[in-house]
Structure formats: C-alpha cells, structure tokens
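Below you'll find the structure, written out as structure tokens, and then a few comments.
Below, read A as the first sequence line, B as the second, and so on, with proteins coming before strands; counting in each chain starts at 1.
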There are 2 protein chains.
Amino acid sequence: MSETDADTERLTRALRAQGIRITRQRAALLEIMARADDHPDAVELHRRASDELPGISLSTVYRTLAALEEHGVIQRHQFQGETARFEPADAEHHDHMIDVESGEVIEFHSERIEELQAALAREMGYEIVHHRLELYVRKRRDA
Amino acid sequence: MSETDADTERLTRALRAQGIRITRQRAALLEIMARADDHPDAVELHRRASDELPGISLSTVYRTLAALEEHGVIQRHQFQGETARFEPADAEHHDHMIDVESGEVIEFHSERIEELQAALAREMGYEIVHHRLELYVRKRRDA
DNA sequence: CTGGGTGCAAACACTTTGCATCTAT
DNA sequence: ATAGATGCAAAGTGTTTGCACCCAG
C-alpha cells in the first residue's frame with residue numbers, strides 16, 4: 001500500500017468517526033487531494049474526479065471541499081484575482097510564492113517572519129488567529 | 001484649501017494629463033477616496049457618492065475604481081472571503097491586520113519582514129513583483 | 001432503514017459589459 | 001464636435017442552495 005493510500009485510509013476513518021459519511025464521491029476527492037501536489041481549483045478537481053467517477057456534479061465537489069475544509073483536512077487559498085484553490089492541510093504551515101508569469105505556486109516557510117508577525121501583532125494588542133503571506137514573483141533574469 | 005483638496009486637485013490634473021476625463025462622477029469618487037480613512041467596498045463607495053451625486057450608478061463606480069486602480073491612484077484589496085475593498089494608494093507601502101471580530105482593518109509596516117521576504121525570494125531565484133501580507137487577528141484579552 | 005449526501009437546476013453575490021445617450025475637453 | 005464616460009439592464013463568473021431521490025452506515 002502506498003503512503004498516500006495509508007494516509008487516505010486513516011483520514012477516512014477519522015472523518016467517519018466525526019460523523020461524516022465517506023461516499024464514493026468523497027473517497028474520490030480525498031484520494032485526488034492526497035495525490036495533488038499542485039493547488040487545483042474546484043473546476044479542476046471536478047475534472048479529475050470525473051475521470052474515475054463520471055457524473056459527479058460540481059456542486060458535490062464544492063460541498064465536499066467545504067466539508068473537508070471545515071474538518072481541517074484541506075485548506076482553501078484565494079490568490080489575487082483567481083478562483084479559490086485547494087491543497088491538503090499538512091501539519092506544517094507554509095506560505096506561497098505565486099509566479100505571476102506561469103501561475104506556478106511555490107511553497108515556502110520562514111520561522112523568522114512568523115516570529116516577527118507575532119511580535120508585531122502582540123505589540124499592537126492583538127494575537128494572530130491566522131495569516132496569509134503571498135509573494136507574487138517573477139524568475140530572476142540576472143541571477 | 002484643505003490638504004486633501006490640494007491632493008485631489010493635483011491628482012485630477014495628473015489624470016487628465018494621462019488622457020482620462022474627470023467627470024462629476026469621477027471627481028466625487030476621487031474626493032471620497034481622498035477623505036476615506038477606512039477601506040470601503042464598491043457598494044459603500046456608491047452609497048457615499050450617491051449623497052452628493054444622486055443617480056450615480058454602481059457600474060460607474062466599478063468602472064471608475066478599475067480606472068483609478070489602473071492608474072495607480074487607488075489600491076484594491078481582497079480580504080479573506082470579503083468583497084473587494086479600496087484605499088488610496090499612498091507612497092509608502094503597508095500591510096494589513098484584520099480584526100476578525102470587528103472587521104476593522106489596521107495598517108502596519110515592517111521593514112524587517114520586507115527584507116526577509118526579498119532575501120527569501122532571491123535565494124529561490126525569484127524577484128518579488130508585489131506581495132500581500134494579512135494578519136487576521138483578535139484583541140488580546142490577557143494583555 | 002433512515003438521515004445525510006447527491007445531481008440537477010435555479011438562485012446568489014459581486015462584477016463586468018453592450019448599447020443608446022450624454023458631456024468633458 | 002467627438003471620443004470617452006454614463007446609466008440601465010442584461011450577461012458573466014464562481015459559488016451556494018432547494019428539492020426529490022439515493023445510498024452509506
């Protein structure tokens with residue numbers, strides 16, 4: 001059994017325990033999300049799901065994505081001007097660089113930046129609930 | 001003459017020089033934006049504009065906002081799940097903290113964070129075109 | 001067996017657009 | 001005078017929802 005298969009099965013059990021039914025549609029989407037190493041949007045996920053489950057409706061995809069997000073299984077991102085994209089919610093938080101020329105999304109993480117953010121918020125009397133950091137970038141020509 | 005009046009007049013001239021006509025509608029919106037110290041959305045701006053220019057249409061507001069954004073006069077922000085909000089584009093860049101309880105938007109700036117972002121992007125072979133940093137926060141109770 | 005999930009179509013919220021008319025320059 | 005801007009209504013886009021039927025547990 002592949003690692004993502006094992007992950008998916010564990011997830012399935014956890015979700016069922018939380019009282020959410022794993023239908024064929026949801027199983028398909030869970031599997032697709034587990035495999036996805038890009039950041040697909042609802043329409044793209046619907047396309048992928050249709051391959052193994054012809055007839056699955058776009059509304060089901062939206063409803064499932066909402067449910068999975070609510071249960072912390074996936075994360076929704078709304079990049080500048082784009083439609084919502086999704087990715088599996090891994091343990092470690094990360095931010096995104098978006099290549100404005102290719103649309104490619106690169107993940108990164110900076111503990112130093114996170115610390116500065118937290119310190120800044122605290123100074124101003126707030127605590128961070130969550131944050132969003134997006135760098136819209138272009139490949140360096142002079143590199 | 002107030003300072004914002006002077007600013008608005010300067011802007012008006014600059015825009016006209018770039019070949020965009022300053023109609024009553026646009027003048028009203030320029031003035032409203034100059035005065036705005038919050039981050040209103042299109043509907044709110046339409047409401048404010050309607051006070052001094054009854055009959056102004058929402059599409060004109062949208063078209064004007066698009067034009068002003070294109071000419072770098074205002075900036076558009078799309079906060080998590082909200083409708084687009086606008087603010088005058090001042091010289092100095094800043095980021096936003098959004099109070100998730102009140103919806104209030106607080107501006108801040110950290111040169112240190114900006115430097116780290118730039119360094120990070122460079123390391124990965126990119127240069128930053130623009131970025132977005134939003135801290136979704138809540139007032140500290142234990143402060 | 002039964003309540004949650006699905007597919008479909010219709011509704012939604014926000015934003016954009018086509019067109020006839022108007023107005024800033 | 002005339003090209004660009006407006007108001008209106010209609011179309012778009014991405015997403016959500018009501019409802020009758022279905023199927024996972």
Over how many whole Å does the gap from [X] atom [atom1] to [N] atom [atom2] extend?
X	N	atom1	atom2	answer
A:E82	D:dT13	CD	C1'	15 Å
A:Q18	D:dG25	CD	C1'	16 Å
A:R85	D:dT15	CZ	P	12 Å
B:H46	C:dT15	NE2	P	14 Å
A:L15	C:dG4	CG	P	16 Å
B:E70	C:dT16	CD	P	11 Å
A:R26	C:dG4	CZ	C1'	8 Å
A:L29	C:dT6	CG	P	9 Å

When we call it a touch if two heavy atoms are under 4.0 Å apart, what does [X] touch: a base, just sugar-phosphate, or nothing?
X	answer
A:S59	base
A:G19	nothing
B:R63	base
B:A66	nothing

- request: Supply the atom-to-atom distance A:H131 NE2 to B:Q80 CD, rounded to the nearest 0.5 angstrom.
  value: 11.5 Å
Compare side-chain N and O positions of [X] against OP1 and OP2 of [N] and report whether any pair is under 4.0 Å apart.
X	N	result
A:R16	D:dA24	no
B:Q25	D:dG7	yes
B:Q78	C:dC14	no
B:T60	D:dG7	yes
A:Y62	D:dT16	no

message: On DNA chain C, does the nearest nucleotide to B:T23 precede the nearest nucleotide to B:D41 from the 5' side, or the other way round? Give the residue.
response: B:D41
- prompt: Start at the 5' end of DNA chain C and walk down; is the nucleotide closest to A:R24 or to B:L58 reached first?
  reply: A:R24
Between [options], which nucleotide has the shortest distance from any of its atoms to the side chain of [X]?
X	options	answer
B:T83	D:dT15, C:dT15, D:dG7	C:dT15
A:R21	D:dT17, C:dG3, D:dT6	C:dG3
A:A84	C:dC8, D:dG7, D:dT15	D:dT15

message: Quick one, B:L133 and A:Q117 - any side-chain contact, counting heavy atoms below 4.5 Å?
response: yes
field: Side-chain heavy atoms of A:Y136 within contact of B:R132, under 4.5 Å
entry: yes
- request: Please determine if A:R48 and A:D38 form a salt bridge, counting it only when a charged side-chain N lies under 4.0 Å from a carboxylate O.
  value: yes
task: Could you tell me whether the side chains of B:E87 and B:H94 share a donor-acceptor contact shorter than 3.5 Å?
output: yes
- request: Identify the residue among B:E107, B:H77, B:R85 that makes a side-chain hydrogen bond (donor to acceptor under 3.5 Å, both in side chains) with B:H39.
  value: B:E107
message: On DNA chain D, does the nearest nucleotide to A:I22 precede the nearest nucleotide to B:T64 from the 5' side, or the other way round? Give the residue.
response: B:T64
